[in-house]
Amino acid sequence: MKEKSKGFFGEFKEFIARGNVMDMAVGVIVGGAFKAIADSLVADIINPILGIFAGGNDALAGLAIHLPGGGDIMLGNFINAIINFLIMALVIFCMVKTINSFHRKKEETPAPEPEPEPEPDPQLVLLEEIRDLMKAQNRQKES
């Protein structure tokens with residue numbers, strides 16, 4: 001018998017309830033917050049320092065090439081975007097590297113060795129030997 005379809009909203013609810021989607025949502029929110037920090041680092045700290053080399057003490061974002069027919073090529077904004085990308089890529093690389101090292105350590109920990117079987121009771125061993133000897137003697141008598 002064919003199962004009844006859950007419908008669009010049922011499938012959407014099932015999709016949203018998955019753990020991976022929630023983890024991804026948290027990652028996007030944290031990433032957005034971190035992007036604001038990276039933007040501020042570039043605009044407020046790195047740009048003024050690089051602006052010294054670009055001529056004057058202006059922020060690097062103001063660096064532009066003026067075109068003859070009007071308009072500008074905003075070279076400074078492009079450099080800002082590259083710096084932001086490199087900072088974000090570096091942070092993600094460090095996070096992935098840390099997570100991978102945790103996974104490697106988890107895989108490297110050896111499984112506990114099984115406990116050795118306890119030594120048999122010496123009296124039990126002696127009784128087994130006596131039994132085996134008696135069986136051997138009975139076979140000799142029968143033959």
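From Leu127, atom CG reaches atom CG of Asp121 across 8.5 Å, with rounding to the nearest 0.5 Å. The CD atom of Gln140 sits 9.5 Å away from atom CG of Asn138, with the distance rounded to the nearest 0.5 Å. Rounding to the nearest 0.5 Å gives a distance of 9.5 Å between CG of Asp72 and CD1 of Ile65. The structure places CD of Gln137 at 11.5 Å from CG of Asp132, a figure rounded to the nearest 0.5 Å. In this structure, OG on Ser40 lies 10.0 Å from CG on Asn84, to the nearest 0.5 angstrom.
In this structure, Phe34 is a member of the same hydrophobic cluster as Met95, with clusters built from ILVMFWY side-chain heavy atoms closer than 4.5 Å. One hydrophobic cluster holds both Ile45 and Ile79 under the rule that ILVMFWY side chains link at heavy-atom gaps under 4.5 Å. When the side chains of ILVMFWY residues are joined at heavy-atom separations under 4.5 Å, either directly or via intervening members, Ile49 and Ile46 end up in a single hydrophobic cluster. The same ILVMFWY cluster, assembled from side-chain heavy atoms under 4.5 Å apart, contains both Ile83 and Ile73. Taken together through direct or relayed side-chain contacts under 4.5 Å among Ile, Leu, Val, Met, Phe, Trp and Tyr, Phe78 and Phe85 form part of one hydrophobic cluster.
A donor-acceptor pair under 3.5 Å is formed between the side chain of Ser101 and the backbone N or O of Thr98.
Lys35 approaches Met88 most closely through the heavy-atom pair CA-SD, 4.2 Å.
Using a 4.5 Å heavy-atom threshold, the side chains of Ile130 and Met134 count as touching.
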| request: List the steps and the verdict of side chain to side chain contact (heavy atoms under 4.5 Å, CB included) for Asn77 and Asn80. | output: CA-CA 5 Å; Asn77 287 339; Asn80 279 348; 4.3 Å; yes
